Novice: 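Just passing along the structure, written as structure tokens.
Keep in mind the model is a prediction, meaning the values are calculated, not measured. Scope of the values below: all heavy atoms of this structure, side chains included, with no hydrogens, waters or symmetry mates.
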Amino acid sequence: MSRYIESDLKPFHAQAYHNGEFVKVSDDDVKGKWAVFFFYPADFTFVCPTELGDLADNYAEFQKLGVEIYSVSTDTHFTHKAWHDSSETIGKLQFPMIADPTGQISRNFNVLIEEEGIADRGTFVIDPQGKIQIVEITAGGIGRDASELLRKIKAAQYIAAHPGEVCPAKWKEGEETLAPSLDLVGKI
């Protein structure tokens with residue numbers, strides 16, 4: 001994938017661990033709603049549970065926005081269950097934990113570290129049309145922030161609902177936006 005933004009979600013079928021059950025998840029489950037694909041290197045590690053715990057703590061806010069979260073690693077759905085059952089932090093997760101043991105989904109998003117068989121820390125926000133609207137990829141030792149992701153999703157949803165407007169830096173819900181025009185050129 002040479003260009004992420006506005007590219008289509010590629011077809012996939014996977015097993016996931018979700019709310020005490022093994023379930024099947026596919027691209028068809030994602031279409032028609034906002035979604036976050038949250039790739040992380042591996043279960044039973046160090047930065048990953050802090051990130052997933054942060055998402056779990058903010059999950060109700062994502063749900064209020066109509067956003068489903070899909071965490072994804074190259075671990076199996078069995079490993080996801082074992083981690084969920086053994087970790088207090090991971091035990092809080094209410095969103096699907098997708099298993100990608102073949103690395104195909106990670107390859108679809110161009111985040112698979114082939115020589116290690118694990119995914120980079122990649123965050124992708126998909127709109128209801130199945131198009132990628134937000135991408136963030138960080139180095140393995142840099143954890144992500146759910147509150148910043150929520151802010152970005154609110155901005156993406158705002159501009160989707162208000163064509164012709166854009167959200168400036170650090171925009172927060174309820175603040176003024178901009179309407180790009182000739183009158184604004186050189187005035188900001």
Novice: State, with a plain yes or no, whether a side-chain heavy atom of His18 is found less than 4.5 Å away from one of Met97.
Specialist: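 The answer is no, as the side chains (C-beta and beyond) never meet within the 4.5 Å cut-off.
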Novice: Should Phe109 and Val135 be counted in the same cluster of Ile, Leu, Val, Met, Phe, Trp and Tyr side chains packed under 4.5 Å apart?
Specialist: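 Yes; tracing contacts between hydrophobic side chains, which count when under 4.5 Å, links both residues.
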Novice: With heavy-atom distances below 4.5 Å as the criterion, would you say the side chains of Ile113 and Asp120 are in contact?
Specialist: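 They are in contact (side-chain heavy atoms under 4.5 Å apart), so the answer is yes.
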Novice: Roughly how far, to the nearest 0.5 Å, is the OG1 atom of Thr177 from the CD1 atom of Ile159?
Specialist: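 Between atom CD1 of Ile159 and atom OG1 of Thr177 there are 10.5 Å.
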Novice: Run the side chain to side chain contact (heavy atoms under 4.5 Å, CB included) check on Ile153 and Val36 step by step: do they pass?
Specialist: CA-CA 9 Å; Ile153 290 170; Val36 172; 3.6 Å; yes
Novice: Hey, what do you get for CG (Asp8) to NZ (Lys31), rounding to the nearest 0.5 Å?
Specialist: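 Asp8 CG to Lys31 NZ: 8.0 Å, rounded to 0.5 Å.
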Novice: Which heavy atom of Pro168 sits nearest to which heavy atom of Leu178, and what is that distance?
Specialist: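 Minimum heavy-atom contact is CB-CD1, 4.1 Å.
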Novice: May I ask whether Ile98 and Ile90 are part of the same hydrophobic cluster, defined by side-chain heavy atoms of I, L, V, M, F, W, Y residues being less than 4.5 angstrom apart, directly or through others?
Specialist: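 Ile98 and Ile90: separate clusters.
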Novice: Flag yes if Tyr70 and Ile126 sit in one hydrophobic cluster, no otherwise; membership is Ile, Leu, Val, Met, Phe, Trp, Tyr, and two members link when side-chain heavy atoms are under 4.5 Å apart.
Specialist: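 Same cluster: Tyr70 reaches Ile126 through Ile, Leu, Val, Met, Phe, Trp or Tyr contacts under 4.5 Å.
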Novice: State, without any angle test, whether Gln63 and Gln94 hold a side-chain donor-acceptor pair at a distance under 3.5 Å.
Specialist: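 No, no side-chain donor-acceptor contact under 3.5 Å.
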Novice: Taking atom CD as the centre, does Glu114 end up with more than 12 heavy-atom neighbours from other residues, nucleotides or ligands that are less than 6.0 angstrom away?
Specialist: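 Yes, the 6.0 Å shell around CD holds more than 12 heavy atoms from other groups.
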Novice: Kindly compute the distance separating NZ (Lys64) from OH (Tyr59), expressed to the nearest 0.5 Å.
Specialist: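 Lys64 NZ to Tyr59 OH: 13.5 Å, rounded to 0.5 Å.
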Novice: Give the minimum heavy-atom separation between Leu93 and Ala56, together with the two atoms involved.
Specialist: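 Result for this residue pair: CD1-CB, 3.9 Å.
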Novice: Once the angle between the rings of Tyr158 and Trp171 is folded into 0 to 90°, is it parallel (under 30°), tilted (30 to 60°) or perpendicular (over 60°)?
Specialist: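 Tilted.
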Novice: Looking at every non-hydrogen atom in both residues, tell me the closest pair between Gly53 and Thr89 and how far apart they are.
Specialist: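 Between these two residues, the closest heavy atoms are CA-CG2, 3.7 Å.
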Novice: Would you give the length of the straight line joining atom CD1 of Ile69 to atom CZ of Phe38, rounded to the nearest 0.5 angstrom?
Specialist: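 Nearest 0.5 Å value for the CD1-CZ distance: 8.0 Å.
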Novice: Are any non-hydrogen side-chain atoms of Ser73 and Ile118 less than 4.5 angstrom apart?
Specialist: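 Sidechains of Ile118 and Ser73: no contact.
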Novice: Does a side-chain heavy-atom distance below 4.5 Å link Thr45 with Tyr40?
Specialist: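 No - every pair of side-chain heavy atoms lies 4.5 Å or more apart.
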Novice: Might you work through the ring-ring contact (aromatic ring centres under 6.0 Å, His included) test for Phe95 and Phe62, ending with a clear yes or no?
Specialist: CA-CA 11 Å; Phe95 46 82; Phe62 286 98; 8.5 Å; no
Novice: side-chain hydrogen bond (donor to acceptor under 3.5 Å, both in side chains) with Gln133: which of Lys152, Gln157, Glu6?
Specialist: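 Between Gln133 and the candidates, side-chain hydrogen bond (donor to acceptor under 3.5 Å, both in side chains) is satisfied uniquely by Glu6.
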Novice: So for atom CZ, which belongs to Phe44, do other residues, nucleotides or ligands contribute more than 12 heavy atoms lying within a distance under 6.0 Å?
Specialist: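 Result for CZ/Phe44: enclosed.
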Novice: Is Ile132 close to Leu9 at the side-chain level, that is, under 4.5 Å between some pair of heavy atoms?
Specialist: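 SC-SC contact between Leu9 and Ile132 ruled out.
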Novice: Per the side-chain hydrogen bond (donor to acceptor under 3.5 Å, both in side chains) rule, which among Glu148, Glu51, Arg144 passes with Thr123?
Specialist: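 Of all the options given, the one that passes is Arg144.
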Novice: Is the backbone N or O of Gln129 less than 3.5 Å from a side-chain atom of Asp127, with the two atoms forming a donor-acceptor pair by type?
Specialist: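 Confirmed, Asp127 side chain pairs with Gln129 backbone.
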Novice: To the nearest 0.5 Å, what is the distance between CG on Leu149 and NZ on Lys154?
Specialist: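 Answer rounded to 0.5 Å: 11.0 Å.
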Novice: Evaluate the criterion ring-ring contact (aromatic ring centres under 6.0 Å, His included) for residue pair Trp83 and Tyr17; output intermediate values, then yes/no.
Specialist: CA-CA 10 Å; Trp83 195 26; Tyr17 181 71; over 10 Å; no
Novice: Keeping Ser87 on the side-chain end and His84 on the backbone end, is there a donor-acceptor pair under 3.5 Å?
Specialist: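 Side chain of Ser87 to backbone of His84: no pair is present.
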Novice: Return the CD to CG distance between Glu136 and Asp145, rounded to the nearest 0.5 Å.
Specialist: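 One finds 9.0 Å between CD of Glu136 and CG of Asp145.
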Novice: Are more than 12 heavy atoms, taken from residues, nucleotides or ligands other than Glu88, located less than 6.0 Å from that residue's CD atom?
Specialist: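 Atom CD in Glu88 is not packed in, count stays at 12 or less.
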Novice: Counting the benzene-type ring for Trp, do Phe37 and Phe12 have ring centres under 6.0 Å apart?
Specialist: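 Ring centres of Phe12 and Phe37 closer than 6.0 Å.
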Novice: Test of understanding: clusters of I, L, V, M, F, W, Y form through side-chain heavy atoms closer than 4.5 Å, transitively. Do Leu55 and Val72 belong to the same one?
Specialist: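 As far as the 4.5 Å side-chain criterion goes, Val72 and Leu55 are not connected within one cluster.
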Novice: Heavy atoms only: give me the nearest Pro101-Thr76 pair and the separation to one decimal.
Specialist: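 It is CB-CG2, 4.2 Å.
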Novice: Please answer whether the main-chain N or O of Thr79 pairs with a side-chain N or O of Asp75 as donor and acceptor at a distance below 3.5 Å.
Specialist: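 Here the side-chain-to-backbone pair does not exist.
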Novice: With no hydrogens and no angle check, is any side-chain donor or acceptor of Asp29 less than 3.5 Å from a backbone partner on Ser26?
Specialist: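 Yes.
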Novice: Give me the atom names and distance for the closest heavy-atom approach of Lys170 to Glu175.
Specialist: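 Looking at all heavy atoms of both residues, the shortest contact is O-OE1, 3.7 Å.
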Novice: With no hydrogens and no angle check, do the side chains of Asp100 and Ser106 hold a donor and an acceptor under 3.5 Å apart?
Specialist: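 Yes, because at least one side-chain N or O of Asp100 sits under 3.5 Å from a partner of the opposite role on Ser106.
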Novice: Are Ile105 and Leu112 close enough that some pair of their side-chain heavy atoms sits under 4.5 Å apart?
Specialist: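 Side chain of Ile105 against side chain of Leu112, heavy atoms only: no contact under 4.5 Å found.
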Novice: Is there a path of hydrophobic side-chain contacts, each under 4.5 Å between heavy atoms of I, L, V, M, F, W or Y residues, that connects Ile5 with Trp34?
Specialist: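 Per the 4.5 Å side-chain linkage, Ile5 and Trp34 are not co-clustered.
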Novice: Could you tell me how the ring of Phe124 sits relative to the ring of Phe39: parallel (under 30°), tilted (30 to 60°) or perpendicular (over 60°)?
Specialist: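 The arrangement is perpendicular - the two ring planes meet at more than 60°.
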Novice: Do the side chain of Asn58 and the main chain of Asp54 share a donor and acceptor less than 3.5 angstrom apart?
Specialist: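 Side chain of Asn58 to backbone of Asp54, a donor-acceptor pair under 3.5 Å: yes, one is there.
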Novice: Does Pro41 offer a backbone N or O that forms a donor-acceptor pair with the side chain of Arg121 under 3.5 Å?
Specialist: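 Answer holds: no.
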Novice: For Val30 and Ala35, which heavy atoms make the closest approach, and how far apart are they?
Specialist: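 Closest approach of Val30 to Ala35: CG1-CB, 3.6 Å.
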Novice: Side chains of Pro96 and Glu68: closer than 4.5 Å at any heavy-atom pair?
Specialist: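 They are in contact (side-chain heavy atoms under 4.5 Å apart), so the answer is yes.
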